[in-house]
Structure formats: C-alpha cells, structure tokens
Amino acid sequence: MESKRSSFSGKIGFVLAAAGSAVGLGNIWRFPYLAAKYGGGVFLLVYIILSVTFGFSLMIAEIAIGRKTQLSPIGAFKALDKRFSFVGWLASIVPAIILPYYSVIGGWVMKFTAGFIMGNTAEMSHDKYFSDYLGQVWEPLGWFALFIGLTSLIVLFGVKKGIEKVSKVMMPILVVLILGISIYTIVTMDGAIDGVIFYIKPDFSKFSIMTVVAAMGQLFYSMSLAMGIMITFGSYMKKEIKIEKSVHQIELFDTGIAFLAGLMIIPSVFAFSGGDEKALGQGAGLMFVTLPKVFDSMPAGNVIGVVFFIMVFFAALTSSISLMETVVSVFIDKLKINRKLSCLIVLIISLFLGISSALGSSAWKNIKIFGMQFLDFFDFASNNILMPIIALLTCILIGYILKPKFIVEEVELSGKFNQKSMFNIMIKYIAPIFLVIILVSSVLNALGYIEI
Ligand code: PFF
C-alpha cells in the first residue's frame, strides 16, 4: 500500500490540501483567545518570529521526511532510525488526544450556528449565555456527539473529498467575512481602536516565558506540526514541487487567517467591555462570548452570524476529518483491521475522552488534573508537552544523527534552498535549546511553580 502512493495533482494542490488541514479552529478560536490572554502585540510578535524561523524549519523537515521516505509517520521514523520508531507512535497519539476535545468545540460551533439560524442572536449576546450553556450537562454532550458522529460518518463512507471541495469554496468567503466584521467593528464601535493598538503594538512589560510557551504550543497546533500530519502530506508530494516555497505559502495563509481572526475578536472585546482588560482573559470562551454581541449590534447581524458560523463549522469539520482519518489509518495499518472497525474504535475512544471535556464545566467541574479542567488538560498535554517532545526528538534525529544535509538534499531536488543556513542553525542549535526551555517551563507551570 505504501509503495504506490497517489500524489497531489498540480502545484497548488499540495499547498491547498496542507493549508486546508492547517486552517481550522486553531486559527479562528484558539489564536485570538491566546493573543488576548498573553498580552496582545507581544504575543503576536513572538508568534510571527517563531513561525518564520522555528515553524518554517520544522515544517520543511517534516514534509521532506515524508517525501523522502514515502511513508506515513510510524514507518518513516522507523525507516530513518530504528531507535526513533517510538517518535512515530508518539506523533500518532497527538491527533487521538486532540480529536475528542476539538469535537467538543466543534459542538459549541454547531450550537451557535443553530442559535443564529433560530434567530436567538439577542439572547446569545448576553454575557452569561455561554457560561450558562457550558454549565449544562446534556446539551453540550449532545452537540459534541453529533459533531464527532458526523465526522466518523464522513470518514467511514470516504466522502471526505466532497466536504473538502465545499470547504475550499467556503474558505475565501470566510476570509472576506472576517475582514468585513473586523472593519465594521473598528470603524463603528467606540473603544475598538484601543483593541487594535493592544493587538498590534507590542508591550514588552507583558512578556513572560509563558508568552513563548503559549505561542509555541499554538504554532504546533495551528500549523499541524509535530503530529505526523505534515510527514503524511509530504509522502504524497511530487518531487518537482518546491518544498520551501510551499511552506512559505502555507505559513502565510495560516498565520494570515489567525491574524485576521484576532483583529476581528480583540477590538470587539475592548469595545464591549469599555476597555476593561480583564475581559481579555476569558480563555476558551472568548469567541463565543464576543461574536454574538457583534452580530447583535450590526445590521443584518443575524444572517451574517448564520453564514459566519456555518463557515467556521466547515473549517472545523475538515480539520476534525483529517484528525480522525490520521488515527483511523494508523489503526488500519498497524492492527490490520478494516476501516469500519477502525472507525468504530476511534469513535468509542473519542466519545469516552470527549465526554470528560464536555462535562468539565458542569457535572465534572470539581475534577481537576494539575489544576486544569479536562479540556484544558488535553489541550495542554498535547500542545505544550507531547508536541515539544516530538519536535525535540525530530531535531535531534535530523540535526545530529542523519545531519541536516539529509533534508537539504531533498529540498534541493526541486531547486535552490534559500534559507538553508537558517534551517541548519535552527534544527541543530536554536530549536533544541528552545524546546528544552519550553518543556521545562510547561512542566513547572503544570506543577504550579510558574504562573500562566
Ligand atoms: N491545524 C488545525 C487548526 O488549526 O485548527 C488543527 C488540526 C487539524 C491539526 C487537522 C491536525 C490536523 F490533522
């Protein structure tokens, strides 16, 4: 099966497919709330610097590993060095941890889509609407089950291609909507401009090691790094396609959408809270608390709300499909079971893990792991612990065992590698040191020694 891999057609096919996987709730939901929480401009600056140095290098390495070995992550790491086989396994666990709580948030998106369709905009714009909703047991569970159920049906029946086509059409509409909503907020709402300044102008007094930890975790999540996804994508990439150029395009696309989503949400938070910075620290609920207020205040906001949330729903669905597909394929390959059974097993595991995340603010709100609710714990464990470990091991393998030349040769198959020197220095020295600092800080943070 692995010897005859199909490949993406055309030059843009690869970039679109990889960008389609990269763009999701990470950009629209996660990035704005982290930027708001971790100091606005300073977070944005750290994120962009990390993205063009560290993110760039790691994405190049992963795509090149995939293209060179023509294997999926587990096979690829094993082929590169037997001692590193476990890294492939570790990378495959990450999507399995993310999928359940991603689907819980997908359920929130469905709930809000339904709310706008039913014309409940005014009710949804109340401050406590979202927290009251999370305080319930059955409804969040129901929407979560619907979202993960839908994802499994699509993965089971292989109608993924159709959904991806729809989502490609929707992506440009989503970008236009995000831009339109940002401009509307900034131009018409008092105080919104202070939000723009907060978001764009770095205030270095707000910098802490946790700014870097959070930005790095977000980078992994948003660019689908350190979870084997880009290795898989690389294995389908034709040799004549330029890896470096493609990575720049994916990066620009992914970071661009995240930046715009922040520009849509953060100024609105300022406008509606009268500039109270405490409103910025709401965490995961930020988008769901803020956007209904914006839609409630704008002409035809109800309709725009429906369209907007449908787009977000599709962006979330394509991402959850690719997360599930990854886990299902690992089970098919390694357990030698059929697709149906594999889907069923992944669905059961996801339901089990997702239920805990869905109930974290209601029935199970008193259960905390390292002081975190289940959803936050899974998010933290994957982005801030597992992914840095996988990235660190990848850097050691490439930088010291195989040597960076191994990747450089693959990249140069299709032309000059412009940022070769930066790649070498990043993979060998800067990234590993950085990753160790990130890991240590994350662990200290979880144990309560450093404040988030
Ligand atoms: N990068 C996606 C996001 O930002 O929402 C999350 C993701 C989707 C990760 C699909 C991995 C994946 F396979």
Side-chain angles (χ1 to χ4, degrees), residues 14-35 47 50-51 55 58-59 62-63 66 72-73 90-109 147-148 151-152 154-155 160 163-164 167 170-171 174-175 178 214-236 247 250-262 284 287 311-330 346 350 375 378-379 381-384 386-387 390-391:
F14 173 78
V15 172
L16 279 181
S21 155
V23 175
L25 291 173
N27 308 64
I28 303 157
W29 154 75
R30 202 173 187 275
F31 183 86
Y33 98 69
L34 289 178
Y47 184 81
L50 286 178
S51 157
L58 195 61
M59 193 180 268
E62 292 196 9
I63 293 177
S72 51
L90 221 51
S92 307
I93 294 175
V94 174
I97 298 181
I98 294 184
L99 176 65
Y101 81 83
Y102 203 86
S103 303
V104 170
I105 298 154
W108 299 351
V109 172
F147 189 90
I148 186 83
T151 305
S152 1
I154 296 168
V155 172
K160 190 173 141 238
I163 301 287
E164 277 166 5
S167 109
M170 296 210 162
M171 206 67 93
L174 180 65
V175 174
I178 295 180
M216 187 75 124
Q218 174 61 16
L219 190 69
F220 288 130
Y221 190 97
S222 187
M223 289 175 64
S224 308
L225 294 172
M227 47 177 122
I229 305 273
M230 289 297 155
I231 298 184
T232 309
F233 271 108
S235 71
Y236 294 116
V247 170
I250 300 166
E251 212 171 47
L252 192 71
F253 204 67
D254 190 62
T255 309
I257 295 193
F259 171 76
L260 288 178
M287 164 177 141
M311 306 293 149
V312 177
F313 166 68
F314 269 92
L317 192 63
T318 45
S319 289
S320 67
I321 292 168
S322 90
L323 285 164
M324 187 159 191
E325 183 72 46
T326 313
V327 190
V328 167
S329 332
V330 170
V346 177
S350 303
L375 194 153
F378 289 129
D379 191 61
S382 49
N383 295 285
N384 297 359
L386 271 176
M387 284 142 121
I390 295 161

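Whatever order the structure lists them in is the order used to number ligands and atoms, beginning at 1. Scope of the values below: all heavy atoms of this structure, side chains included, with no hydrogens, waters or symmetry mates. Predicted model only: the values in this text are computed from it and were never measured.
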Chemist: Within the structure, does M223 bring an N/O atom to less than 3.5 angstrom of an N/O atom in ligand 1?
Modeler: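 Between M223 and ligand 1, no N or O pair is found under 3.5 Å apart.
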Chemist: Return the minimal non-hydrogen interatomic distance between P73 and G228, and the atom names on each side.
Modeler: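 In this case the closest contact between P73 and G228 is CG-O, 3.4 Å.
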Chemist: Report yes if the side chains of M59 and D254 come closer than 4.5 Å at any heavy-atom pair, otherwise no.
Modeler: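 No. Closest side-chain heavy atoms not under 4.5 Å.
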Chemist: To check your reading of the model: name the closest protein heavy atom to atom 9 (C) of ligand 1, its residue, and the distance in Å.
Modeler: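 Answer for atom 9 (C) of ligand 1: S224 OG, 3.5 Å.
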Chemist: Nearest protein heavy atom to atom 13 (F) of ligand 1, by residue and atom, and its distance?
Modeler: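 Result: I229 CD1, 2.7 Å.
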Chemist: N/O to N/O below 3.5 Å, does that happen between S322 and ligand 1?
Modeler: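 So ligand 1 has no N or O lying under 3.5 Å from an N or O of S322.
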Chemist: What atoms of ligand 1 come closer than 4.0 angstrom to any heavy atom of N27?
Modeler: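 With N27 as reference, the close atoms of ligand 1 come out as 4 (O).
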Chemist: Would you mind running through ligand 1 and noting each atom that sits below 4.0 Å from a heavy atom of M227?
Modeler: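 Here the atoms of ligand 1 in question are 9 (C), 11 (C).
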Chemist: Please report whether ligand 1 has a polar contact with V23, defined as an N or O pair separated by less than 3.5 Å (distance criterion only).
Modeler: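 No, since none of the N or O atoms of V23 sits under 3.5 Å from an N or O of ligand 1.
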Chemist: For atom 8 (C) of ligand 1, which protein heavy atom lies nearest, and how many Å away is it?
Modeler: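 Checking every protein heavy atom, the shortest distance to atom 8 (C) of ligand 1 gives S21 O, 3.3 Å.
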Chemist: Give me the atom names and distance for the closest heavy-atom approach of L34 to A214.
Modeler: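 Closest approach of L34 to A214: CD1-O, 4.2 Å.
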Chemist: Should one rank Y102, Y221, F31 by closest heavy-atom distance to atom 5 (O) of ligand 1, which comes out on top?
Modeler: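 Among Y102, Y221, F31, the closest heavy atom to atom 5 (O) of ligand 1 comes from Y102.
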Chemist: Do the side chain of E62 and the main chain of I229 share a donor and acceptor less than 3.5 angstrom apart?
Modeler: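 Not confirmed, E62 side chain does not pair with I229 backbone.
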Chemist: At under 4.0 Å between heavy atoms, which part of A22 makes contact with ligand 1: side chain, backbone, both or neither?
Modeler: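 Just the backbone.
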Chemist: Using a 3.5 Å distance criterion without hydrogens, assess whether the side chain of Q218 forms a donor-acceptor pair with backbone atoms of G26.
Modeler: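 Indeed, once roles are kept as given, a pair shorter than 3.5 Å links the two residues.
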Chemist: Taking Y47's backbone N and O only, do any of them form a donor-acceptor pair with S51's side chain (distance below 3.5 Å, no angle check)?
Modeler: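 No; zero donor-acceptor contacts below 3.5 Å.
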Chemist: Quick one: which ligand 1 atoms are inside 4.0 Å of a heavy atom on L25?
Modeler: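 Close to L25: 5 (O).
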Chemist: Return a yes/no value for T326: is any of its N or O atoms, backbone included, closer than 3.5 angstrom to an N or O of ligand 1?
Modeler: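 N/O-N/O distance below 3.5 Å does not exist for this pair.
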Chemist: Please check if the side chain of S382 supplies one atom and the backbone of D379 the other of a donor-acceptor pair under 3.5 Å.
Modeler: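 Looks like yes, one N/O pair under 3.5 Å.
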Chemist: Closer than 3.5 angstrom, by distance alone: can the side chain of S222 be matched with the main-chain N or O of L219 as a donor-acceptor pair?
Modeler: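 Such a contact is absent between S222 side chain and L219 backbone.
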